[in-house]
Amino acid sequence: MASSQSVWGVEIGQTALKALQCKLEDGRAVATAFDYIEYPKILSQPEAVAEDLIHEALQQFLDRNESAYTDKVCISVPGQSGLAKFFKPPPVEVKKISDIVRYEAKQQIPFELSDVVWDYQIMPGSMVEEGYALESEVGLFAMKREQAYRQLEPFNAVDMEVSIVQMSPVALYNMLAFDRVNERLEEDNFNADDPPPSTVLLSIGTDSSDLIITNGFRIWQRSMSIGGNHFTRQLTK
C-alpha cells in the first residue's frame, strides 16, 4: 500500500488546542491520530495569560505526540488575521498572470508588499486555451508579516517547525474541495452560466465564525467576530 509522510494539522483555539494527524494512502486522506487539550481558562478571559496557556498546551501536546517534531506541521489562523480576495483577470498569457496578480495585489492589499506575506492561486475551472487564460478567477491571499510571525511564536518557543500557515476559511474550502467535490473538480468542467450547486459551511468558534459558500470552483467567504461565547452571554442575560 502506497503511503506518505504524516502531517499534523494544529489549531490554537480560544478554549483548546486541537490537532489531527493524517497521511495520504492510495490517494485518500486517512486520519491516524488526534489530540484535544483544553485550557484551564478561555484565552479571551481578562485573567488568562494566553501565552502561558498556549505554551503549556503545546508542551503537553509534544509530550504526548513526539512525531510532531518530525512530521510536517500545518496550522490554521483566524480568517480575520489575513486578507482573501478573488478577482477575474483579463484574457492574458498564462505566463503573464503573475504580473497581473502583482499589480492587483498592490491595489487590493492596504500595505506595502514588503510588509506582507502573500501568494495567489488560480481557481479550478479556469479556461486556458493555447497558453492563454480566457475565463479565469484568481484567489489572492495575504497576511501582515508581523502577524504571521506572531502566529508562529508559540511554536518556535517549543522548537516545533511549522511548514504551512493557512487561514481557516481557506482550510475549510480545501476540506470541501478534497472530501466532497473532488470528482467534480477532477473533471474540471465548469460552466459559469450553469454552475453546479453550492455548499454552505458555517464554522462557529468561541469568539468568531467563518462562513463559506462554494461549488468547488468559486468561493465566497466571510469571517465574523461572533462566536459561541456571544450566544452564551446573551442566554445567561
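Hydrogens, waters and symmetry mates play no part in the numbers below; they use all other heavy atoms, side chains included.
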- Item | Ser44/Asp207 under side chain to side chain donor-acceptor pair (under 3.5 Å): CA gap, chis, key distance, verdict | CA-CA 8 Å; Ser44 56; Asp207 289 325; 3.1 Å; yes

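- Residues Val77 and Met143 share a closest heavy-atom pair of CG2-CE, 3.3 Å.
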Considering only distance and modelled atom types, tabulate donor-acceptor pairs under 3.5 Å from the side chains of residues 36-43, sequence neighbours left out.
| unit_1 | atom_1 | unit_2 | atom_2 | d |
| --- | --- | --- | --- | --- |
| Tyr39 | OH | Gly13 | O | 3.2 |
| Tyr39 | OH | Ala16 | O | 3.4 |

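- For the residue pair Asp210 / Ser203, no side-chain donor-acceptor distance below 3.5 Å is found, with atom types taken as modelled.
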- Output, in order, the C-alpha distance, side-chain angles, deciding distance and verdict of side-chain contact (heavy atoms from CB on, under 4.5 Å) for Met127 and Ser136. CA-CA 6 Å; Met127 185 182 297; Ser136 59; over 6 Å; no

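- Pairing each heavy atom of Arg218 with each of Pro124, the nearest pair is NH1-O, 3.1 Å.
- Taking CE from Met123 and CG from Leu185, the interatomic distance works out to 8.5 Å, rounded to the nearest 0.5 Å.
- Of all heavy-atom pairs spanning Pro169 and Ile212, the tightest one is O-CG1, 4.0 Å.
- To the nearest 0.5 Å, atoms CG (Asn174) and OG (Ser76) are separated by 12.0 Å.
- At distances below 3.5 Å, at least one donor-acceptor pair connects side-chain atoms of Gln5 with backbone N or O atoms of Thr70.
- Within a 6.0 Å sphere centred on CZ of Arg150, other residues, nucleotides and ligands contribute more than 12 heavy atoms.
- Taking hydrophobic clusters as Ile, Leu, Val, Met, Phe, Trp and Tyr residues chained together by side-chain heavy-atom distances below 4.5 Å, Leu20 does not share a cluster with Leu24.
- Nearest heavy atoms, Gly227 versus Ser209: CA-OG, 3.9 Å.
- There is a path of hydrophobic side-chain contacts, each under 4.5 Å, that joins Ile75 to Phe141.
- A donor atom on one side chain and an acceptor atom on the other are found under 3.5 Å apart for Gln21 and Thr32.
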Residues 86-113 side chain polar contacts: donor-acceptor under 3.5 Å, at least two apart:
| unit_1 | atom_1 | unit_2 | atom_2 | d |
| --- | --- | --- | --- | --- |
| Glu104 | OE2 | Gln108 | NE2 | 3.0 |

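- In the displayed structure, Lys85 atom NZ is contacted under 6.0 Å by at most 12 heavy atoms of other residues, nucleotides or ligands.
- Side-chain heavy atoms closer than 4.5 Å link hydrophobic residues (I, L, V, M, F, W, Y) into clusters, and following such links, even through other members, never connects Met167 to Met224.
- Summarising the hydrophobic clusters (Ile, Leu, Val, Met, Phe, Trp, Tyr; side-chain heavy atoms under 4.5 Å, direct or chained), the residues clustered with Ile226 are Phe231.
- Using modelled atom types, no side-chain atom of Ser67 and backbone atom of Asp71 make a donor-acceptor pair closer than 3.5 Å.
- Placement of Ile12 and Met160 within a single hydrophobic cluster is found when ILVMFWY residues are connected by side-chain heavy-atom separations under 4.5 Å, directly or transitively.
- Within a 6.0 Å radius of CD in Glu135, other residues, nucleotides and ligands contribute 12 heavy atoms or fewer.
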- Determine, step by step, whether Glu137 and Ser126 satisfy the side chain to side chain donor-acceptor pair (under 3.5 Å) criterion, reporting the C-alpha distance in whole Å, the side-chain angles of both residues, the deciding distance to 0.1 Å, and the verdict. CA-CA 6 Å; Glu137 182 154 321; Ser126 298; over 6 Å; no

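- The 12-atom threshold is exceeded at CZ of Arg233, counting heavy atoms of other residues, nucleotides or ligands nearer than 6.0 Å.
- Separation of atoms CG (Leu202) and CG (Leu172) is listed at 10.0 Å; rounding is to 0.5 Å.
- To the nearest 0.5 Å, atom CD of residue Glu25 and atom SG of residue Cys22 are 10.5 Å apart.
- Atoms CG and CD1, on Leu176 and Ile219 in that order, are 8.5 Å from each other to the nearest 0.5 Å.
- Ser168 approaches Gly79 most closely through the heavy-atom pair OG-N, 3.5 Å.
- Residues Val116 and Arg145 have side chains not in contact (no heavy-atom distance under 4.5 Å, counting atoms from C-beta outward).
- Counting all heavy atoms, side chain and backbone alike, Pro78 lies closest to Ser81 at O-OG, 2.5 Å.
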Just list the side-chain donor-acceptor pairs under 3.5 Å for residues 47-64, sequence neighbours left out, or say none.
| unit_1 | atom_1 | unit_2 | atom_2 | d |
| --- | --- | --- | --- | --- |
| Arg64 | NE | Asp35 | OD2 | 3.2 |
| Arg64 | NH2 | Asp35 | OD1 | 2.4 |
| Arg64 | NH2 | Asp35 | OD2 | 3.3 |

Hey, can you pull the donor-acceptor pairs under 3.5 Å for the side chains in residues 186-201, sequence neighbours left out?
| unit_1 | atom_1 | unit_2 | atom_2 | d |
| --- | --- | --- | --- | --- |
| Asp188 | OD1 | Gly125 | N | 2.9 |
| Asn191 | OD1 | Asp193 | N | 3.0 |

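- Within the 4.5 Å cutoff, side-chain heavy atoms of Trp220 are placed close to those of Leu211.
- Counting only residues at least two apart or in different chains, ring-ring contact (aromatic ring centres under 6.0 Å, His included) contacts with residues 156-182 are absent.
- The local environment of OH in Tyr69 is crowded, with over 12 non-hydrogen atoms from other residues, nucleotides or ligands closer than 6.0 Å.
- Follow the hydrophobic side-chain contacts under 4.5 Å out from Leu17 and you reach Val162 in the same cluster.
- Distance alone, capped at 3.5 Å, is enough to place a donor-acceptor pair between the Thr236 side chain and the Thr232 backbone.
- Going from atom NE2 of His230 over to atom OG1 of Thr206 covers 10.5 Å, rounded to the nearest 0.5 Å.
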